[in-house]
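What follows is one structure encoded as structure tokens, with my remarks underneath.
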Amino acid sequence: MCGFKIPIISKSLNVNNFNLLQKEVFSYIKDNKNEFIKPWKCPTLSNINSKQKFHTPILEDVIKNITEEYFSLFKFPSYPIKLNEIWINIAPPGAYQEYHMHLDYTTQCLFSGVLYIDVPKNSGNLRLVNPQKQNGMHMLPSPLLEDIFIEPKNGLIVSFPSWLMHEAQLNNSNEDRISISWNITKNLLNYATDNRN
């Protein structure tokens with residue numbers, strides 16, 4: 001039981017789709033090694049700033065479907081959205097992703113997500129920080145203030161609100177941990193166009 005009532009989606013990708021997607025990711029990494037740098041204050045490599053973005057219909061369909069499911073869980077009204085960005089992360093042994101969130105008021109991110117592509121054992125859990133804890137750090141230990149820890153597995157998808165603080169914990173394996181992340185935003189331009197009449 002989690003200590004805060006925020007819908008978090010965690011599910012596995014279809015095996016056939018995952019196998020195809022994994023091959024495409026490996027091929028992209030092999031052909032674009034120079035695009036992976038350290039854009040953040042941590043050892044994890046990413047192509048988030050690359051002009052050679054990774055795109056594939058399989059992934060875009062997966063993200064679209066999980067976003068529609070998330071809209072339903074949150075009971076949001078129908079609203080045009082867009083896949084704002086997709087990037088690949090490579091966490092070498094000893095790497096981690098620092099405590100952060102994806103909320104950007106200029107792009108108005110709604111949801112963020114991660115899909116695990118190649119996950120060795122002991123390569124670091126995903127920690128979703130209980131928002132109640134952020135304002136109650138002085139509180140005594142309580143199950144109502146517990147964080148959510150998700151063990152990555154190949155093909156696992158996790159989606160959560162972009163404002164939720166999270167981190168990828170230390171990769172204690174001897175291999176790279178590879179994942180794909182993304183942000184979903186409101187499509188304000190389309191919304192304005194669709195509602196003129």
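One-based numbering along the sequence shown. Only this structure's heavy atoms are used, side chains among them; waters, hydrogens and symmetry mates stay out.
For Asn34, the CG atom is loosely surrounded, since the number of other residues' heavy atoms within 6.0 Å does not exceed 12.
Transitive grouping of hydrophobic side chains (ILVMFWY, heavy atoms separated by less than 4.5 Å) keeps Trp87 and Ile117 in distinct clusters. Hydrophobic clustering places Tyr99 together with Leu126 (ILVMFWY residues linked when any side-chain heavy atoms are closer than 4.5 Å, directly or through intermediates). Residues Leu170 and Met165 do not share a hydrophobic cluster, clusters being chains of Ile/Leu/Val/Met/Phe/Trp/Tyr side chains in contact below 4.5 Å. Transitive grouping of hydrophobic side chains (ILVMFWY, heavy atoms separated by less than 4.5 Å) brings Leu83 and Leu103 into a common cluster. Clustering ILVMFWY residues whenever any of their side-chain heavy atoms sit less than 4.5 angstrom apart, transitively, puts Val119 in the very cluster that holds Phe54.
None of Tyr70, Phe71, Phe111 except one satisfies the side chain to side chain contact (heavy atoms under 4.5 Å, CB included) rule with Ile184; the exception is Phe111.
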Check the pair Leu59 / Ile180 against side chain to side chain contact (heavy atoms under 4.5 Å, CB included), numbers first and verdict last. CA-CA 9 Å; Leu59 180 59; Ile180 301 174; 3.8 Å; yes

Do Ser10 and Leu156 pass the side chain to side chain contact (heavy atoms under 4.5 Å, CB included) test, and can you show the C-alpha distance, the side-chain angles, and the key distance before you say yes or no? CA-CA 7 Å; Ser10 177; Leu156 179 68; 3.5 Å; yes

Test side chain to side chain contact (heavy atoms under 4.5 Å, CB included) on Asp118 and Asn154; report intermediate values, then the result. CA-CA 6 Å; Asp118 194 22; Asn154 283 4; 4.2 Å; yes

Under the side chain to side chain contact (heavy atoms under 4.5 Å, CB included) criterion, do Phe26 and Ile178 qualify, and how do the steps go? CA-CA 9 Å; Phe26 287 163; Ile178 301 174; 4.0 Å; yes

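Distance check, rounded to the nearest 0.5 Å: OG of Ser12 to CG of Leu115 gives 9.5 Å. Atoms CD1 and CG, on Ile148 and Asn125 in that order, are 12.5 Å from each other to the nearest 0.5 Å. For the atom pair CZ of Phe18 and CG of Leu13, the computed distance is 7.5 Å after rounding to the nearest 0.5 Å. With rounding to the nearest 0.5 Å, the separation of CD1 in Ile66 from CG in Asp61 is 13.0 Å. Atom-to-atom distance recorded for Gln169:CD and His166:NE2 is 12.5 Å, nearest 0.5 angstrom. Taking NZ of Lys53 as the reference point, atom CD1 of Ile86 lies at 9.5 Å (rounded to 0.5 Å).
The heavy-atom pair separating Asn16 from Asn14 by the smallest distance is N-OD1, 2.9 Å. The two residues Phe160 and Val158 come nearest to each other via the heavy atoms CD2-CG1, 4.1 Å. Shortest non-hydrogen contact noted between Glu24 and Ile58 is OE2-CD1, 4.4 Å. Looking at every heavy atom in both residues, Pro93 comes nearest to Glu175 through CG-N, 3.7 Å. For Ser179 against Val114, the heavy-atom pair with the smallest separation is CB-CG2, 3.8 Å. Scanning both residues, Val129 and Leu164, for their nearest heavy atoms gives O-CD1, 3.3 Å.
The main-chain N or O of Ala95 is never found under 3.5 Å from a side-chain atom of Asn171 such that the two would form a donor-acceptor pair. No donor-acceptor distance shorter than 3.5 angstrom exists from the side chain of Tyr96 to the backbone of Gly124, with no hydrogens or angles considered. Of the possible polar contacts, one joining the Asp147 side chain to the Asn130 backbone as a donor-acceptor pair under 3.5 Å is found.
The shortest side-chain heavy-atom distance between Ile88 and Ser181 does not fall under the 4.5 Å cut-off. With contacts defined as side-chain heavy-atom distances shorter than 4.5 Å, the pair Ile150/Tyr116 does not qualify. When side chains are defined from C-beta on, Pro131 counts as touching Ile6, because their heavy atoms get closer than 4.5 Å. When side chains are defined from C-beta on, Pro120 does not count as touching Asn174, because their heavy atoms never get closer than 4.5 Å. Between Glu68 and Asn65 the shortest side-chain heavy-atom distance falls below 4.5 Å. Residues Thr56 and Tyr28 form no side-chain contact, since every pair of their non-hydrogen atoms from C-beta on lies 4.5 Å or further apart.
Under 4.0 Å is where a charged nitrogen must lie from a carboxylate oxygen, and between Glu60 and Lys64 no such pair does.
Side-chain contact of Ser112 with Asn183: a donor-acceptor pair under 3.5 Å is present, judged by distance alone.
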